[in-house]
2 protein chains.
Amino acid sequence: MGIIFSRQCEYALQAILHLASQPRDSMTSIRELAAKLDIPYHFLAKILQSLATKGILNSQRGPAGGFALSKPPEEINLISVVEAIDGLAISNQCVLGFPECGGSNPCALHHQWGDIREAVQKMLMNKSIAKLSRETRLSRT
Amino acid sequence: MGIIFSRQCEYALQAILHLASQPRDSMTSIRELAAKLDIPYHFLAKILQSLATKGILNSQRGPAGGFALSKPPEEINLISVVEAIDGLAISNQCVLGFPECGGSNPCALHHQWGDIREAVQKMLMNKSIAKLSRETRLSRT
DNA sequence: GTAATTTCAGACAAGATAGTCTGAATATAT
DNA sequence: ATATATTCAGACTATCTTGTCTGAAATTAC
Ligand code: SF4
Ligand code: SF4
């Protein structure tokens, strides 16, 4: 697992970020993505397939086929990607791992963690792929 | 894995929290801790041993033996526990999982994630076990 | 000194996540 | 039609995390 997202989720974000930098009408193959991003081919394949069935990507078979964003990058925010791969545990579960404690009788950490969690969610919701891609291109070669 | 800390780390925090609620000079056995917190006995044993070798807990063998905090709970902050179990990855690694990117040419997420990361660290550093235990006792039964 | 109770140490098993492999289905180009 | 390039589907392996088991070493009580 990555630091906060699963490995799969990290790969998904990286891939989508790359797709956003490509011309909107073109398809990008797994082969190319895997090579550029240095992600295991077949592992990436599964992740992309999963994103396709969830409606985030379009897929096209055959030569010149591949994947592309299903919506303009302005309309895709990070949280929808995270949710598609990792689910919503990050929004609900307890940081300390206490089993029976939804927050009805919150401990000291709950509020402070709540603030942080909110910040994360806001960040993920407000950041569209478009924004992120634009800013990323500025700084990463 | 838990949501942000490993399962081990969650258990460690729970155990330490419980130890902080016990009289300072008494020892608490693994058996008792495992039962009260509903944590697998031998798994907890390893975690406590690990915390003992790292100097966070004292241990005592034989009947009436067990574990106790090595320092008054005011002097133990959460981050030292997290560091002992999970290491410092949370402080250093990239959220997106990009390999070669320590932040020298940061992407758009880096700064925002940086803010959040700082908030987490501040929270973990400022919250002593004593504080947390006190406030926890108020709200949990 | 013997029995009981505990931590300590390390091997082992189970489960989850990550990654690999093979082949079928589909689309394109010649 | 045939060859080629791709996604699609699913079984399989590897690795890491979590959890279990067994027995030794230490301490206390009698
Ligand atoms: S109140 Fe504390 S223990 Fe309960 S869910 Fe919130 S952070 Fe976890
Ligand atoms: S700049 Fe972006 S990609 Fe690089 S370490 Fe920071 S968050 Fe990760």
Side-chain angles (χ1 to χ4, degrees), chain A residues 1-15 19 22 25-35 37-70 82 85-87 89-90 93 97 99, chain B residues 1-15 19 22 26-35 37-70 82 85-87 89 93 97 99:
Chain A
M1 198 185 211
I3 159 114
I4 179 160
F5 306 126
S6 72
R7 201 64 137 295
Q8 288 194 42
C9 193
E10 291 178 351
Y11 289 164
L13 289 169
Q14 293 179 25
L19 288 179
Q22 299 299 110
D25 52 355
S26 79
M27 291 292 208
T28 308
S29 70
I30 302 174
R31 186 178 39 73
E32 184 183 339
L33 279 170
L37 300 172
D38 196 33
I39 299 174
Y41 182 94
H42 291 92
F43 195 32
L44 179 58
K46 295 190 137 190
I47 297 169
L48 294 178
Q49 281 168 35
S50 167
L51 289 173
T53 65
K54 271 156 190 150
I56 296 178
L57 299 182
N58 287 333
S59 65
Q60 171 75 38
R61 293 204 243 197
F67 292 85
L69 301 181
S70 68
V82 172
I85 303 289
D86 280 353
I90 192 180
Q93 268 173 220
Chain B
M1 195 187 213
I3 159 113
I4 178 159
F5 306 126
S6 72
R7 200 62 136 303
Q8 288 193 43
C9 193
E10 290 178 351
Y11 289 163
L13 290 169
Q14 293 178 24
L19 288 178
Q22 300 299 109
S26 78
M27 291 291 208
T28 308
S29 69
I30 302 174
R31 187 178 38 71
E32 184 183 340
L33 279 170
L37 301 172
D38 195 34
I39 298 175
Y41 181 95
H42 291 91
F43 195 33
L44 178 59
K46 295 189 136 191
I47 297 169
L48 294 177
Q49 281 167 35
S50 167
L51 289 172
T53 64
K54 270 157 191 150
I56 295 177
L57 298 181
N58 287 333
S59 65
Q60 172 75 38
R61 292 202 243 197
F67 292 85
L69 300 181
S70 69
V82 173
I85 303 289
D86 280 355
Q93 267 174 222

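Chain A is the first sequence line, chain B the second, and so forth, proteins listed ahead of strands; every chain is numbered from 1. From a predicted model like this one, the values you see are computed outputs, not experimental measurements. Computation of the quantities below employed the complete heavy-atom set of this structure, encompassing side-chain atoms and omitting hydrogens, waters and symmetry-equivalent molecules.
Nearest heavy atom pair, residue Tyr41(B) against residue Ile30(B), reads O-CG2, 3.7 Å.
In this structure, of dA9(D), dT27(D), dG19(D), it is dA9(D) that holds the atom nearest to the side chain of Gln49(A). Considering only the side chain of Pro63(A), dT4(D) comes nearest among dT4(D), dT18(D), dT28(D). Set against dT20(C), dG19(D), dT7(C), the side chain of Lys46(A) has dT20(C) as its closest nucleotide. Nearest nucleotide to the side chain of His42(A), out of dC8(C), dT28(C), dT20(C): dT20(C). Here the side chain of Arg7(A) is nearest to one of dG19(C), dG10(C), dT6(C), namely dG19(C). In this structure, of dT6(C), dT20(C), dT18(D), it is dT20(C) that holds the atom nearest to the side chain of Phe43(A).
The side chain of Gln60(A) contributes no N or O atom lying less than 4.0 Å from OP1 or OP2 of dA5(D). When the side-chain nitrogen and oxygen atoms of Ser59(A) are compared with OP1 and OP2 of dT6(D), none of them lie within a distance under 4.0 Å. Taking only side-chain nitrogens and oxygens, Tyr41(B) comes nearer than 4.0 Å to OP1 or OP2 of dT7(C). The phosphate of dT6(C) has OP1 or OP2 within less than 4.0 Å of a side-chain N or O from Arg31(B). Remark: Tyr11(B) is in phosphate contact with dG19(D), judged by side-chain N or O atoms under 4.0 Å from OP1 or OP2. For Gln8(B) and dT18(D), the shortest distance from a side-chain N or O to OP1 or OP2 is below 4.0 Å.
Atom C1' of nucleotide dA16(C) and atom CD1 of Ile85(A) are separated by 16 Å, given to the nearest angstrom. In this structure, CG of Leu44(B) is placed 14 Å from P of dT6(C), rounded to the nearest angstrom. One interatomic measurement links the two molecules: CD of Glu32(B) to C1' of dT7(C), which rounds to 15 Å at whole-angstrom precision. Rounded to whole angstrom, the span from the CZ atom of Phe67(A) across to the P atom of dA27(C) amounts to 14 Å. In this structure, CE of Met27(B) is placed 13 Å from C1' of dT28(D), rounded to the nearest angstrom. At whole-Å resolution of the value, CG in Asn58(B) and C1' in dC8(C) are 16 Å apart. The nearest whole Å value for the distance from the CD1 atom in Ile47(A) to the C1' atom in dT17(C) is 11 Å.
At distances below 3.5 Å, at least one donor-acceptor pair connects side-chain atoms of Asp86(B) with backbone N or O atoms of Ser6(B). A donor-acceptor contact shorter than 3.5 Å is absent between the side chain of Ser70(B) and the backbone of Asn58(B).
If you check distances only, the side chain of Arg61(B) does reach the base of dT7(C) with a donor-acceptor pair under 3.5 Å.
The closest side-chain heavy-atom distance from Phe5(B) to Val82(B) is below 4.5 Å.
At the heavy-atom level, Leu48(A) lies nowhere under 4.0 Å from the strands shown.
The NE2 atom of His42(A) sits 10.0 Å away from the CD atom of Gln49(A) when rounded to the nearest 0.5 Å.
With respect to Leu33(A), the side-chain contact (heavy atoms from CB on, under 4.5 Å) criterion is satisfied by exactly one of Ile39(A), Ile47(A), Leu44(A): Leu44(A).
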